[in-house]
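These numbers were taken from a predicted model, which means no experiment stands behind them. One-based numbering, in listed order, for ligands and for the atoms of each.
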Amino acid sequence: MLELQQLAKDWEARVLLRDVNLRVDSGETVAILGPSGSGKSTLLKMVAGLESLDGGRVLFDAQDITALAPERRRFALMFQDFALFPHLDVQDNVAFGLVEQGLRKAAARAQACDMLARFGLQTFARAPVTQLSGGEQQRVALARALITQPRVLLLDEPFSALDAELRLQLQTEFRQRIAEFNMATLLVTHDEAEARAMAQRGYRVLDGTLQLLW
Ligand SMILES: Nc1ncnc2c1ncn2[C@@H]1O[C@H](COP(=O)(O)OP(=O)(O)OP(=O)(O)O)[C@@H](O)[C@H]1O
Ligand SMILES: [Mg+2]
């Protein structure tokens with residue numbers, strides 16, 4: 001279980017976030033809504049360890065991981081603009097996390113190909129990522145995020161660059177993967193319908209703190 005206790009963040013002498021308390025079970029998705037500039041992306045980065053805290057703690061399975069480096073948390077963060085590596089093909093994008101963990105390239109590629117097959121993307125394995133559509137790139141980005149078997153998935157507006165029909169399709173696909181991989185998932189989105197379709201609970205960032213919506 002992911003647990004946020006009393007998280008706080010100041011920005012330029014003003015309080016951005018305060019008293020942020022949240023528990024997310026493995027396999028559960030919690031949505032975070034709120035106006036632009038309210039601190040949603042900052043909150044995800046704090047959970048990932050990419051942004052410092054001005055107060056509070058991050059725990060996983062009751063262990064305090066606040067001081068743990070991002071790469072040692074086994075958390076995956078996915079942004080709206082996919083952030084795939086344009087100089088690598090699809091297979092090597094997906095294999096990247098495993099190579100970083102020290103796996104040999106051939107073994108990492110084999111696992112990447114298995115993951116791509118599981119996602120129905122095997123025909124793209126050798127394609128440059130720049131040749132893929134937006135939806136295909138988002139699927140590859142998810143495959144890449146999941147290959148290291150993260151305990152926590154942090155999604156920041158993952159579908160906002162896609163058209164309405166594709167959004168619905170990917171919401172369903174992502175929901176299935178989250179259940180299958182049993183991750184505690186935090187979903188930041190502007191779209192309340194999307195949040196309700198994907199998340200068991202939803203909060204709004206209001207005056208720097210989380211207000212329960214459902
Ligand atoms: N490194 C930083 N740490 C904390 N806050 C920052 C940092 N850089 C910028 N900010 C400010 O913090 C506020 C919150 O930004 P953040 O990106 O978290 O908002 P957001 O809720 O994700 O907005 P959006 O919906 O537009 O993505 C903004 O006013 C931003 O200018
Ligand atoms: Mg944001």
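Looking only at heavy atoms of the protein, atom 15 (O) of ligand 1 is closest to Thr42 OG1, 3.8 Å. Taking atom 4 (C) of ligand 1 as the reference point, the nearest protein heavy-atom neighbour is Trp11 CE3, 3.3 Å. Looking from atom 24 (P) of ligand 1 to the surrounding protein, the closest heavy atom is Ser36 OG, 3.6 Å.
We find the CD-CZ distance between Gln91 and Phe124 to be 14.5 Å, quoted to the nearest 0.5 Å.
Under a 4.0 angstrom heavy-atom cut-off, Met46 registers as lying outside contact with ligand 1. Between Gly34 and ligand 1 there is no heavy-atom distance shorter than 4.0 Å. Ligand 1 lies nowhere less than 4.0 angstrom from a heavy atom belonging to Lys45.
Between Asp10 and ligand 1, a contact under 3.5 Å exists for no N or O pair. Close N/O approach between Lys40 and ligand 1 is found [any backbone or side-chain N/O within under 3.5 Å]. Taking only nitrogen or oxygen atoms, main chain and side chain alike, Leu16 does not reach within less than 3.5 Å of ligand 1.
The Ser41 neighbourhood of ligand 1 comprises atoms 17 (O), 18 (O), 20 (P), 22 (O), 27 (O), with distances under 4.0 Å to a heavy atom of that residue. Atoms of ligand 1 lying under 4.0 Å from any heavy atom of Ser38, numbered from 1 in the order shown and given with element: 19 (O), 21 (O). Listed by atom number, the atoms of ligand 1 under 4.0 Å from Arg14 heavy atoms are 29 (O). Which parts of ligand 1 touch Pro35 is read off a 4.0 Å heavy-atom cut-off, strictly below it: atoms 21 (O).
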Let me see the working for Leu187 and Phe174 under side-chain contact (heavy atoms from CB on, under 4.5 Å), right down to the final yes or no. CA-CA 11 Å; Leu187 168 72; Phe174 272 50; over 6 Å; no
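The heavy atom nearest to atom 28 (C) of ligand 1, out of those in Ser160, Ser52, Gly37, is found in Gly37. Distances from atom 1 (N) of ligand 1 to the heavy atoms of Lys9, Glu12, Glu51, His190 put Glu51 nearest.
Judged purely by atom type and a 3.5 angstrom limit, Arg109 has no side-chain atom pairing as donor or acceptor with the backbone of Val94.
Side-chain contact between Leu50 and Leu77 is present, with at least one heavy-atom pair separated by less than 4.5 Å.
Salt-bridge annotation for Arg151 and Asp61: absent, with no side-chain N of the basic residue lying under 4.0 Å from a carboxylate O of the acidic one. The pair Arg201-Glu28 meets the salt-bridge criterion, since a charged nitrogen lies less than 4.0 angstrom from a carboxylate oxygen. Between Arg177 and Glu173 there is no salt bridge, since no side-chain N of the basic residue sits under 4.0 Å from a carboxylate O of the acidic one.
At a cut-off of 2.8 Å, Ser41 coordinates the Mg ion (ligand 2) through an N, O or S atom.
Ring geometry, Phe96 versus Phe85: the interplanar angle falls from 30° to 60°, so the pair is classed tilted.
Under a cutoff of 6.0 Å and an axis angle of 45°, Arg74 and Phe60 do not form a cation-pi pair.
For the residue pair Ala108 and Ala95, the shortest heavy atom distance occurs at O-CB, 3.7 Å.
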